[in-house]
Peer 1: 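Take this structure first; my questions come after.
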Amino acid sequence: MADPVVVTAARRAQPLSQVLADVSVVDRTAIERSGATSLADLLVQLPGIEMSRNGGPGNTTSVFIRGGESRHVAVYIDGLRVESQSTGGAAWEMLPIEEVDRIEVLRGPAAALYGSDAINGVVQLFTRRGGGPLQAGASLSYGSHATVQARASASGTAGPVDYALSASHGRSDGFNARTTATANPDDDGWRRSGATARIGTQLAPGHRVDLSWLGANLRSQYDSSPAADDTNHHTLRGVNLQWEGAWSASSNTRLQLGQSASTYEARPFFYRTETTLRTVLLQHGLQLGAHHLDLALERREDKLRNPATTYAATLRGARHQDGISLGWRMDIGNHGLQANVRHDRDSEFGSQPTGSLAWGWQLLPAWRLVASAGTAFRAPTLYQRFSEYGNPALEAERSSNLELALRWSAGDSTASATAWRNRVRNLIDFDVPGPCASTDGCYDNVGRARYEGITFAGSTRWAGVALQASATYQEPRNLDLDRQLRRRARVLATLGADGQWGGWGWGVAVRGSGGRFDDAANNQRLGGYVLVDLRLERALLPGLTLEARIDNATDKAYTLARTYATDGRTAQLGLRWALQ
């Protein structure tokens, strides 16, 4: 089995077998086979990840890695940072999964590499990179709730330039998002479109320039009042310019300039927020025998604008963070060591140092023991500091993590056990009135949390069937209230099987979650559930494949957020074509 190359764990290319961090990789084939209509629906099929959602796929979504807050996950697209300076964290519901060619998920703190936000993990999405002869593909599917999804792509080389283009569109009539009798009883549908473009060229041997662009739009309906047709509108635009230069086999430099702009608007009760994020990254890597050094300089500029509403005046805010980081990796004999230190200086509240240290020991040819420790932080958003609910005295959320893992790998089979304990202080939450202009409440540093647990994961191939499974036992806890954190379970499990029979490809995916609570006091219980998804596919002609799916095949009734509905059994039929 080929050893995948990942970049998220060290911000440079590494074989997955050498990575000390807890990383999962999802390629385009797995994305297509998942049938997921959103990124969150795909991520929860990985170990240690769960989600909550206020209704259907187009509505507000939170993703929890190892029981941590949704805002404690840093999200990148081709190295370009994406987030909101209003709510904090990425708008998971609008990230364009149809345009993604590959996903890397790092579980655990990574602020010593990425700066603010990476307290519980990093999710990086990669779009397709062109090269070689023309490759083209398209897909079309139709399913329950009149759900239609279409995608087309092309990539290749034209003279000295390689290119990759893709576009997608999806729509659904949806289902009623609310279960309360006082909510609008209409169906709440969604419409989503996206496009990416990427071109690159080799300027000279070892020197390459890439320019990429992405755009995404999401319109979705939701219910906040009995009669109004409430709608969300998300947009995301991003542009990224990158140069990579290899001065020798042991020395290379990367310069990256990027900007992402995201908006969210609600109607008819008007609210709008606009976030612009600009980044500049200069990174140099140097190999000296068994030692590898990485030095990086990074600047991040955030801007927030919220136009005036009936209840609040226009909000404008801006800040910047300057970071410098140093990474060191050494591999000698059966031992690997990785250390990272970083210092960020925020224009609003000063310095934030972070660090991490990891050690890996190949104690037997198939067995590796890994131990690590790291610190991380998340700066409060501009909205949390300067809106009518804001508190200029807010401090950054800070965490410290310890981790121990045992991994086994032999041929096509893998197994691992990973235990962690992550303590977070200065948790920011919406609290009682006091340090802000609003009489309804204010943001404040009000809590401490502890995320601890153990994840068992494994994969193998038996009798021609690819099997993978995971089980997570965790304790996501609010230490001040001594209660389980809301909407997070103590037990998670996944099971998947893929194989071939009689000319058909088939797959079964099972996902289970234990009970959760919808409130901080743990009075409103949400029951556990097990969901079963089924997949079939068959090649009709060379390059043309028929696909069929049934999701939630047992029609299980379950709840991700109190008073919000989830979907029952659904079906989908589609065609996928690739140029041969």
Side-chain angles (χ1 to χ4, degrees), residues 6-11 14 16 19-26 39-52 61-77 79-84 88-92 95 97 100 102-126 338 340 342 354-356 358 370 372-379 396-405 416 418-424 427 449-455 457 470 472 474-476 485 487-489 492 494:
V6 299
V7 301
T8 306
R11 243 180 172 178
Q14 282 183 299
L16 182 59
V19 169
L20 301 180
D22 183 12
V23 174
S24 293
V25 178
V26 185
L39 180 63
D41 287 303
L42 174 63
L43 293 179
V44 294
Q45 299 176 26
L46 301 178
I49 302 179
E50 56 188 319
M51 74 167 176
S52 71
T61 302
S62 297
V63 172
F64 311 118
I65 295 181
R66 291 184 174 177
E69 305 299 319
S70 188
R71 66 180 181 273
H72 290 168
V73 181
V75 177
Y76 290 80
I77 303 177
L80 179 65
R81 186 77 169 88
V82 177
E83 86 144 21
S84 167
W92 295 96
L95 293 174
I97 187 174
V100 177
R102 172 186 169 90
I103 302 171
E104 294 180 8
V105 178
L106 184 156
R107 287 172 284 264
L113 283 165
Y114 293 94
S116 178
D117 309 341
I119 287 179
N120 279 82
V122 177
V123 173
Q124 183 147 208
L125 316 177
F126 297 90
Q338 181 174 324
N340 294 88
R342 178 169 171 136
T354 51
S356 64
V370 178
S372 65
T375 61
F377 79 100
R378 175 172 173 82
E397 299 170 303
R398 296 182 177 88
S399 78
S400 56
N401 182 78
L402 295 174
E403 196 164 322
L404 183 65
S416 65
T418 306
W420 72 90
R421 171 177 282 193
N422 195 357
R423 290 179 176 268
V424 181
L427 268 179
R450 183 181 65 230
Y451 314 114
E452 61 182 358
I454 184 168
T455 293
S470 72
T472 297
Q474 62 182 13
E475 187 68 39
L485 286 164
R487 298 185 179 177
R488 271 151 279 187
L492 305 169
T494 66

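Bear in mind the structure is a predicted one, so any value in this text is a computation, not a measurement.
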Peer 1: When you compare the side chain of Val6 with that of Arg102, does any pair of heavy atoms fall below 4.5 Å?
Peer 2: yes
Peer 1: Measuring only between side-chain heavy atoms, which start at C-beta, is Ser62 closer than 4.5 Å to Trp92?
Peer 2: no
Peer 1: Among Gln474, Glu403, Glu452, find the one that has a side-chain hydrogen bond (donor to acceptor under 3.5 Å, both in side chains) with Arg66.
Peer 2: Glu403
Peer 1: Is it the case that the side chain of Glu83 and the backbone of Gly88 share a donor-acceptor pair, with hydrogens and angles ignored and the cut-off at 3.5 Å?
Peer 2: no
Peer 1: For residues Gln45 and Asp41, report the shortest heavy-atom separation together with the two atoms involved.
Peer 2: NE2-O, 3.3 Å
Peer 1: Is the backbone of Leu20 close enough, under 3.5 Å, to the side chain of Gln338 for a donor and an acceptor to pair up by distance?
Peer 2: no
Peer 1: Rounded to the nearest 0.5 Å, what separation is found between the OG atom of Ser372 and the CG atom of Leu402?
Peer 2: 8.0 Å
Peer 1: Answer yes or no: is there a donor N or O on one side and an acceptor on the other, between the side chain of Glu397 and the main chain of Val424, under 3.5 Å?
Peer 2: no
Peer 1: State which residue, out of Ile49, Ile65, Asp117, fulfils the side chain to side chain contact (heavy atoms under 4.5 Å, CB included) condition with Val73.
Peer 2: Ile65
Peer 1: Please determine, by modelled atom types, if Thr418 and Thr455 share a side-chain donor-acceptor pair under 3.5 angstrom.
Peer 2: no
Peer 1: So how far is it from Ser24 OG to Glu104 CD, rounded to the nearest 0.5 Å?
Peer 2: 10.5 Å
Peer 1: Looking only at heavy atoms, what is the nearest atom pair of Gly48 and Leu492, with distance?
Peer 2: C-CD1, 4.2 Å
Peer 1: Taking C-beta and beyond as the side chain, do Arg398 and Thr354 meet within less than 4.5 Å on heavy atoms?
Peer 2: no
Peer 1: Quick one: does any side-chain atom of Asn422 pair with a main-chain N or O of Ile119 as donor and acceptor, under 3.5 Å?
Peer 2: yes
Peer 1: Using every non-hydrogen atom in the two residues, find where Ala9 and Leu113 come nearest and quote the distance to one decimal.
Peer 2: O-CD1, 3.1 Å
Peer 1: Check the pair Leu125 / Leu39 against side-chain contact (heavy atoms from CB on, under 4.5 Å), numbers first and verdict last.
Peer 2: CA-CA 10 Å; Leu125 316 177; Leu39 180 63; 4.0 Å; yes
Peer 1: Measuring only between side-chain heavy atoms, which start at C-beta, is Tyr451 closer than 4.5 Å to His72?
Peer 2: yes
Peer 1: Using a 4.5 Å cut-off on heavy atoms from C-beta on, say whether the side chain of Asp22 contacts that of Trp420.
Peer 2: no
Peer 1: Check step by step if side-chain contact (heavy atoms from CB on, under 4.5 Å) holds for Met51 and Leu43.
Peer 2: CA-CA 9 Å; Met51 74 167 176; Leu43 293 179; over 6 Å; no
Peer 1: Hey, are the side chains of Arg107 and Pro47 touching, using non-hydrogen atoms and a 4.5 Å cut-off?
Peer 2: yes
Peer 1: Closest heavy-atom contact between Ser116 and Ala379?
Peer 2: OG-N, 3.0 Å
Peer 1: Less than 4.5 Å apart, side chain to side chain, heavy atoms only: is that true for Arg421 and Glu475?
Peer 2: no
Peer 1: On a heavy-atom basis, which atom in Gly115 and which in Phe377 lie closest, and how many Å separate them?
Peer 2: C-CE2, 4.0 Å
Peer 1: Please find the pair of heavy atoms, one from Pro476 and one from Arg488, that lie closest to each other, and give the distance.
Peer 2: CG-CB, 3.9 Å
Peer 1: Using the side chain to side chain contact (heavy atoms under 4.5 Å, CB included) definition, which of the options Val7, Leu80, Ile103 pairs with Gln124?
Peer 2: Val7
Peer 1: Judged by atom type as modelled, is there a donor-acceptor pair below 3.5 Å linking the side chain of Thr375 to the main-chain atoms of Ser400?
Peer 2: no
Peer 1: How about Thr8 and Tyr76: do any of their side-chain heavy atoms sit closer than 4.5 Å?
Peer 2: no
Peer 1: Nearest 0.5 Å, what's the CG-CZ distance between Leu485 and Arg450?
Peer 2: 10.5 Å
